[in-house]
Protein chains: 2
Amino acid sequence: MSVFAHHTHDYASDPDAALEAADKYFQSAGVRFTPLRRRVFEIILRAGKPIGAYDILERLRDHGKIAAPISVYRVLDFLIEQRFVHRLATINAYMACVTPEDPHAAQFLICQCCGSVTEISDPVIDKAIAEGARAADFQVSYPLVEIMGICAHCAAEGKTAGDCKKS
Amino acid sequence: MSVFAHHTHDYASDPDAALEAADKYFQSAGVRFTPLRRRVFEIILRAGKPIGAYDILERLRDHGKIAAPISVYRVLDFLIEQRFVHRLATINAYMACVTPEDPHAAQFLICQCCGSVTEISDPVIDKAIAEGARAADFQVSYPLVEIMGICAHCAAEGKTAGDCKKS
DNA sequence: GCGCGAAAGTGATACTATAACAAAAAAGCT
DNA sequence: AGCTTTTTTGTTATAGTATCACTTTCGCGC
């Protein structure tokens, strides 16, 4: 039994369910989930892994939509603010939050080999950071934790950081 | 007594000492600390706060050196690999490590108001991350912790995240 | 001096993100 | 409905960050 068993639904692996949930959430929150915003969120969801802003742009265009980078960035800002999307600063990419309806601090495990990213939400890490910041008299707005390394799958194939960084 | 009391020297506030220490370290390690590398490191040290790659470039040019961005990035890669410099992914900036000779995981407190960055090295945070990653069967290469928020100084002036983000 | 590998130079280019202003669409009000 | 206001999106241009490919120079050991 995984530590993630409490997730009611792994939205990351079920784009349709995630979109439906988003529809409902925004409806009830009185926030406008416009076609463009929905489309961008869908693209991010279906990517199944972190995706760059310009990749999103390209996929929008594949669907006949003419759009400029700024449009994508605006939507990304919106989705991030609404906590439906996370930004990964180290790799300049965006991914869907696995549990948007439950506000939480997230940590990311980024595989240097295959580029896969796993979102975890470890309260111990979160608490340690809150404590550390408090000790330094620092008021946390949001903590960013991006852990670079090798995922279990790649490690099983004998890959190391040295093999992958340069690829 | 501060948790940082074990620091023999706060290199961040003493560029000359830091440079001298670097000279000695690289000498004994048999690694080439070339004039360009030394110059760039000095610029970062004297900045006293995180500095962007193109700012470094500009300062190199101020000193009569004609250089291209790639030169700066190559040196930065070197200095980061040697653990003398940290890269702050969230703000695309670089800063000198306060304790290069002591390998450690660092965490950064980034003030959204004044842009100041404090490097801390909290073993509790580090351990929590190591544990969390292990639980997810993930082999950590290096953990990146960048905590956005408001520093004590700005908080004392009544500033909030809302006031500063847009500036 | 010569050869080798590491480092730096050169010129071009890719990638990421935002600014400034105009047009359109939705929401609220009378 | 007609009007205003606000929000969202479009349009064009540009700023900011980082890397590629290839050449030249430098340091070191023989």
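To find a chain, count down the sequence lines: A is the first, B the second, and so on, and within it residues start at 1.
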Say whether A:H104 and A:E119, considering side chains only, have a donor N or O and an acceptor N or O under 3.5 Å apart.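 A:E119 and A:H104 do have a side-chain donor-acceptor pair below 3.5 Å.
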
Rounded to whole Å, how long is the line connecting atom [atom1] of [X] with atom [atom2] of [N]?
X	N	atom1	atom2	result
B:K65	C:dA7	NZ	P	15 Å
A:Q82	D:dT7	CD	P	14 Å
B:L36	D:dT25	CG	P	17 Å
B:I70	D:dT24	CD1	P	18 Å
B:L57	D:dG16	CG	P	13 Å
A:I56	C:dT16	CD1	P	11 Å
B:R37	C:dG9	CZ	C1'	15 Å
A:N92	C:dA14	CG	C1'	13 Å

Phosphate OP1/OP2 of [N] contacted by [X] side-chain N/O (<4.0 Å):
X	N	answer
B:T34	C:dA8	yes
B:R87	D:dA18	yes
A:Y94	C:dA17	yes
B:S71	C:dA8	no

Counting only heavy atoms from other residues, nucleotides and ligands, does the tally under 6.0 Å from CD of B:E157 exceed 12?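 Above 12, so yes.
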
Is the CZ atom of A:R83 crowded by more than 12 outside heavy atoms at less than 6.0 Å?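 Atom CZ in A:R83 is not crowded, with 12 or fewer foreign heavy atoms closer than 6.0 Å.
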
Can you identify which nucleotide, out of C:dT10, C:dA7, C:dA17, has its nearest atom closest to the A:Y73 side chain?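 Ranking C:dT10, C:dA7, C:dA17 by closest atom to the A:Y73 side chain puts C:dA17 first.
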
From the list C:dT18, D:dA18, C:dA8, which nucleotide is the closest neighbour of the side chain of A:P69?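 Selected nucleotide (nearest to the side chain): C:dT18.
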
Is_stacked (A:Y54, C:dC15) at 5.5 Å, 30 deg: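 Answer is no, no stack.
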
Do A:R74 and D:dG10 have a side chain to base donor-acceptor pair shorter than 3.5 Å?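 By the distance-only test, yes, there is a pair.
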
Spacing of B:F26 atom CZ and B:F84 atom CZ [to the nearest 0.5 Å]: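 That separation rounds to 4.0 Å.
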
B:F33 near the nucleic acid: base, sugar-phosphate alone, or nothing, with a heavy-atom cut-off under 4.0 Å?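 B:F33: no heavy atom of the nucleic acid under 4.0 Å.
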
Do A:V145 and B:V124 sit in the same hydrophobic cluster, where Ile, Leu, Val, Met, Phe, Trp and Tyr count as joined when their side-chain heavy atoms come under 4.5 Å apart?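 No.
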
Want to settle it: does B:R32 or B:I91 sit nearer the 5' end of DNA chain D, counting the closest nucleotide to each?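 This one resolves to B:I91.
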
